[in-house]
Participant: 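Sharing a structure here in structure tokens format.
By convention in this document, chain letters (A, B, ...) are assigned in the order of the sequence lines, proteins followed by strands, and residues within each chain are numbered from 1.
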There are 2 protein chains.
Amino acid sequence: MTFFTEQPVTAADKTFFQLRKDIVEGDVAAGSKLSETELSTKYAVSRAVVREAINRLEASHLVERKANVGARVVTLTPEGLVELYQVRESLEGMAARLAAQNMTDHEIADLQALLNSHFDKVQSGLTYYQEAGDVDFHYRIILGSKNKHLISMLTDGIYHLVRMYRVQLGMSGPRVTTAFDEHKHIVQAICNRDAELAEMLMRRHILYSKSSIENKLNL
Amino acid sequence: MTFFTEQPVTAADKTFFQLRKDIVEGDVAAGSKLSETELSTKYAVSRAVVREAINRLEASHLVERKANVGARVVTLTPEGLVELYQVRESLEGMAARLAAQNMTDHEIADLQALLNSHFDKVQSGLTYYQEAGDVDFHYRIILGSKNKHLISMLTDGIYHLVRMYRVQLGMSGPRVTTAFDEHKHIVQAICNRDAELAEMLMRRHILYSKSSIENKLNL
DNA sequence: TAAAACTGGATTGTCGACAATTTATCGCCA
DNA sequence: TGGCGATAAATTGTCGACAATCCAGTTTTA
């Protein structure tokens, strides 16, 4: 349901997307070194495009680079996860606030419909409220903020890191029922154009999911 | 007083820093096209390093790039300024909150001393509380958050754009006295380890300066 | 013996040339 | 005359080769 506007046009694009996918899904191990020559043979492109791909991954906070030494995939740590969720709380809280101000009535109706369709499926026991639904919900609100910087920071920056943690720490369907209720309340606030409340609810929603994850990893 | 840890080591670094400076300070006009060959002759480096510099500038939101077409310096618009300050409010608010939790007593004392030294100078009429002091203050709190993502997003991302608006819209010493009092209250909250209040005061501080700018540009 | 200096191997940084795509110019035709 | 299509010029994307830097192992020296 998420409309991927990201479409690779150049070879560097394809390499970037592919490498990002491989890193997020763990096919390229966290903390491992990224050899330019090695990758260039693996993906059958020149070193120049690999370099560009790595540069973009660095901007996405997925790899770290040192001059004249090389690039490594980031390592996943409990502290890193906490820091990541602090930024999410801040940015997505603001996104919810702005969404309450800037989403069109039509977009809000769509969002509500989406949530209802999820609700029906969950209620009828056909499926669980799983990661895809959660991601979809958050994406819509982020886009609804209509704030260019907010959107790019979250969608081509932080969110891939979030997914990396989710995939590699193996937490696909967390807090299915409670999270759903929280989503409902957030949409309600947005529908009422209550920006203040929407932000507060979103921040608490993310705080809760952070706590839930911390418990799961018994930090 | 701001300690620039950013030190260019490679040619691409130097080109990146130089070009960023030229853009921020308006030597390269906002909205103008960045020709790779042209820049490579201007800075006396190969096109490859110019490309890398441009890629990094894109990650900093200072230029926009379209595949097979080229890169342009961003254009400065009132809407863009508003969006920028919304992100600042969100991120720096969180930074203040975290700073109240994570700064060491020593760092807080330093911050207080810095503010006092500024205060003495201002009080004695030797100087105004100007941009450098403001920037210095905000930097310390951002670094005090100890949050890697927050720090990099603000210091090598958003802040250069803020400076670009400041320089090119010609607002160097805005709201000198009131801003100073606000800074004092924020430090007080941090000193009391009152994270909640520190965040709220920082957000209001940024909201105020946004309003002040909007008035100045009579939007 | 331990620390400093050297050397070899490998990796990253930089360059100029070629290929692919876009944009501008000109001629053609309705 | 106005718009459409083909060709030419210019710009970006990609490539392989060379130069500079780092790292490990070895040798030299105090």
Participant: Using a heavy-atom cut-off of 4.0 Å across all strands, would you classify B:Ile54 as base, sugar-phosphate, or nothing?
Facilitator: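 It contacts nothing in the nucleic acid.
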Participant: Can you list, by residue number, the residues of residues 61-74 of chain A that have a non-hydrogen atom closer than 4.0 angstrom to DNA chain D?
Facilitator: A:Asn68, A:Val69
Participant: Salt-bridged, B:Lys42 to B:Glu38, with N to O below 4.0 Å?
Facilitator: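 Looking at B:Glu38 together with B:Lys42, the answer is no, because their closest N to O distance does not fall below 4.0 Å.
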Participant: Taking the basic N atoms (NZ, or NE/NH1/NH2) and the acidic carboxylate oxygens, is any pair closer than 4.0 Å for A:Glu107 and A:Lys146?
Facilitator: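 So A:Glu107 pairs with A:Lys146 through a salt bridge.
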Participant: Could you tell me the separation between the CZ atom of B:Arg47 and the C1' atom of D:dT11, rounded to a whole number of Å?
Facilitator: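 Going from CZ in B:Arg47 over to C1' in D:dT11 covers 8 Å.
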Participant: Would you call the rings of B:Phe137 and B:His183 parallel, tilted or perpendicular if under 30° counts as parallel and over 60° as perpendicular?
Facilitator: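 Rings of B:Phe137 and B:His183: parallel, as their planes differ by under 30°.
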Participant: Between B:Lys33 and D:dT12, does any side-chain N or O lie under 4.0 Å from OP1 or OP2?
Facilitator: yes
Participant: Below the 4.0 Å mark, does D:dT14 have OP1 or OP2 next to a side-chain nitrogen or oxygen of A:Thr10?
Facilitator: yes
Participant: Is it true that B:Glu58 and B:Arg20 make a salt bridge, defined as a side-chain N closer than 4.0 Å to a carboxylate O?
Facilitator: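 Between B:Arg20 and B:Glu58 there is no salt bridge, as every charged N stays at least 4.0 Å from the carboxylate O atoms.
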Participant: Could you state the CZ-C1' distance from B:Phe16 to C:dT14, rounded to the nearest angstrom?
Facilitator: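 Answer to the nearest Å: 19 Å.
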Participant: Within less than 4.0 Å of OP1 or OP2 of C:dC15, is there a side-chain N or O belonging to B:Ser46?
Facilitator: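 B:Ser46 to C:dC15 OP1/OP2: side-chain N or O found under 4.0 Å.
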Participant: Rounded to whole Å, how long is the line connecting atom CG of B:Asn55 with atom C1' of D:dT12?
Facilitator: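 For the pair B:Asn55 CG and D:dT12 C1', the rounded distance is 12 Å.
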Participant: Hey, is B:Arg166 close enough to B:Asp134 for a salt bridge, meaning N to O under 4.0 Å?
Facilitator: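 Salt bridge flag = yes for B:Asp134 with B:Arg166.
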Participant: Round to the nearest Å and state the distance from B:Tyr43 atom OH to C:dC15 atom P.
Facilitator: 15 Å
Participant: Using only side-chain N and O atoms of A:Arg51, determine if any of them is under 4.0 Å from OP1 or OP2 of C:dG13.
Facilitator: yes
Participant: Considering only D:dC15, D:dT14, D:dT12, which nucleotide approaches the side chain of A:Ala48 most closely?
Facilitator: D:dC15
Participant: Do the side chains of A:Glu36 and A:Arg47 get close enough for a salt bridge, i.e. N-O under 4.0 angstrom?
Facilitator: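 So A:Glu36 pairs with A:Arg47 through a salt bridge.
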Participant: Should A:Glu89 and A:Arg204 count as an ion pair when the cut-off is N to O under 4.0 Å?
Facilitator: no
Participant: Can you tell me which nucleotide in D:dT12, D:dC15, C:dT14 comes closest to the side chain of B:Ala11?
Facilitator: C:dT14
Participant: Figure out the CD/P separation between A:Glu36 and D:dT21, and round it to whole Å.
Facilitator: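 Result: 16 Å.
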Participant: Quick one: A:Leu34 CG to C:dT11 C1', roughly how many Å, whole number?
Facilitator: 13 Å
Participant: Tell me the interatomic distance from A:Glu38, atom CD, to C:dT11, atom P, rounded to whole angstroms.
Facilitator: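 Distance, rounded to whole Å: 9 Å.
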